[in-house]
There are 2 protein chains.
Amino acid sequence: MRKVPAQIASKLHLALPLIAEQGLEQTKIDEIADTAGIPKATLYYYFSGKEEILAFLFEDMLTAIADEASIAMGTEGTAVERLEAVVATQIRLLTQNRALGSALIGDLGRISRSPALVDSLQSAFYTPVENLLIEGAGDGSLRAIANPLLGSMTIFGSVIMSILVTVIAPADDLDVPNDLAGELLDVVMRGLLP
Amino acid sequence: MRKVPAQIASKLHLALPLIAEQGLEQTKIDEIADTAGIPKATLYYYFSGKEEILAFLFEDMLTAIADEASIAMGTEGTAVERLEAVVATQIRLLTQNRALGSALIGDLGRISRSPALVDSLQSAFYTPVENLLIEGAGDGSLRAIANPLLGSMTIFGSVIMSILVTVIAPADDLDVPNDLAGELLDVVMRGLLP
DNA sequence: CTAAGTCTGTACTCGCAGTACAAACATCGT
DNA sequence: ACGATGTTTGTACTGCGAGTACAGACTTAG
């Protein structure tokens, strides 16, 4: 895969609603080309096919999330505060690009089939959260759970589920992403028991 | 779609590892036919295409989960105890049929595109959990969270994520599904704060 | 001002999803 | 026994659309 110019990358996003709505399988490459305003021949100059186009866009978003999460992790504050910042960042970037976000969440299978994407997913979601959980257990701001990975999975799971739900059935009583991060963390932090 | 005989349905499961591994897109209908030992013409007699085959299998699993969850909900015990039973059931059925479970989780996008499957998903996962959360808030065994839906999403999210992770990177230190339900609920119930 | 790389239009191949259809086979009511 | 109705399957086919081939235009830099 050649280095993709920013111009092309940005145009590709125009085709995302299409892909998110009907799935990659049902989306013809000519549709993508037309919607994005990129000639088919040019697409094939940069990518080897549909799969790679979507993978590129996923990688793009995951890298952006990983970068911003890394910044959020480096700020001042307790582990809990930074955890909140990281999760808020993840939610913000996922919802900001709703079509890409929902395509990504709806296609976890595709991600799990590509080692490169699995890496990016981990850098964007698991690793930062898991590190903060461990750190928080160290400084006492979080309890030491038996399996920090399980904690990060719980957080990741609630993040993507809440977003998926807003895609399936746009909830009127939930202001995504402004309220979501806060409410969600409240549940995850304090638990469900009284 | 005609009524699918049990014989056919059960044979179809043979093709699932294939689909889970390489995705439906890359799986040829002849491969499915060969692997399952069902003539292609017969497949098209019952289903209108690949999509519908997978949708049928998803529906199958989701209905089974909804049924057993409903049974678990009806047993004796506090809301919390029954919640544990429901979640354990969900995890058990998802992991019991690992290929189908991971195909389902990896393809949430496909599910969200089909109203019928969305319904089944809700009956299998959201509704029972959400009801128990509300019930628990009523009898005092759970705290009254602002948004019960968020609680059920958190639980559903952690369930599917933990399973997805074991698919991506089979963890040696986690005995799925025996330990999973317990550990996971511990995290979700007590929260991450000390 | 040429060489190497980028971009795009046009025309093509071909694999595979889905169709058509007829013949074999089963089931059942009368 | 027998027609009627539905099931099952083999074989042969059609057509869409992914991906390829390639030539010519256009850009950039050495």
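Reminder, nothing fancy here: chain letters follow the sequence lines and each chain counts from 1.
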Taking protein heavy atoms under 4.0 Å as touching, what does nucleotides 23-30 of chain D look like 5' to 3' if B marks base contact, S marks sugar-phosphate-only contact and - marks none? --------
Scan nucleotides 9-17 of chain C nucleotide by nucleotide, 5' to 3', and note B when protein non-hydrogen atoms come under 4.0 Å of the base, S if they reach only the sugar-phosphate, - if neither. B------SS
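Between the CG atom of Leu43(B) and the P atom of dG18(C) there is a distance of 11 Å, rounded to whole Å. Regarding Arg2(B), its CZ atom lies at a distance of 12 Å from the C1' atom of dT5(D), rounded to whole Å. A straight line from CD of Gln7(A) to C1' of dT8(C) spans 15 Å, rounded to a whole angstrom. Residue Glu52(A) contributes atom CD, which lies 13 Å from atom C1' of dG19(D) at whole-angstrom precision. To the nearest angstrom, C1' of dT6(C) lies 14 Å from NZ of Lys3(A). Distance, Tyr45(B) OH to dT5(D) P: 14 Å, rounded to whole Å. A straight line from CD1 of Ile38(A) to P of dT8(C) spans 9 Å, rounded to a whole angstrom.
No side-chain donor-acceptor contact under 3.5 Å links Glu31(B) and Thr27(B).
Pairing each heavy atom of Tyr44(A) with each of Gly49(A), the nearest pair is CE2-CA, 4.0 Å. Nearest heavy atom pair, residue Leu14(B) against residue Thr35(B), reads O-CG2, 3.5 Å.
For the side-chain contact (heavy atoms from CB on, under 4.5 Å) with Arg190(A), the qualifying choice from Leu192(B), Leu193(B), Ile145(B) is Leu193(B), the only one to do so. Screening Leu121(A), Thr63(A), Leu104(A) for a side-chain contact (heavy atoms from CB on, under 4.5 Å) with Phe58(A), the sole residue that qualifies is Leu104(A). Screening Met1(A), Gln7(A), Arg2(A) for a side-chain contact (heavy atoms from CB on, under 4.5 Å) with Val4(A), the sole residue that qualifies is Met1(A).
Salt bridge Asp186(A)/Arg143(B): present, at least one basic N to carboxylate O contact under 4.0 Å.
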Can Leu117(A) and Glu59(A) be said to form a side chain to side chain contact (heavy atoms under 4.5 Å, CB included), step by step? CA-CA 6 Å; Leu117(A) 286 177; Glu59(A) 184 91 49; 3.8 Å; yes
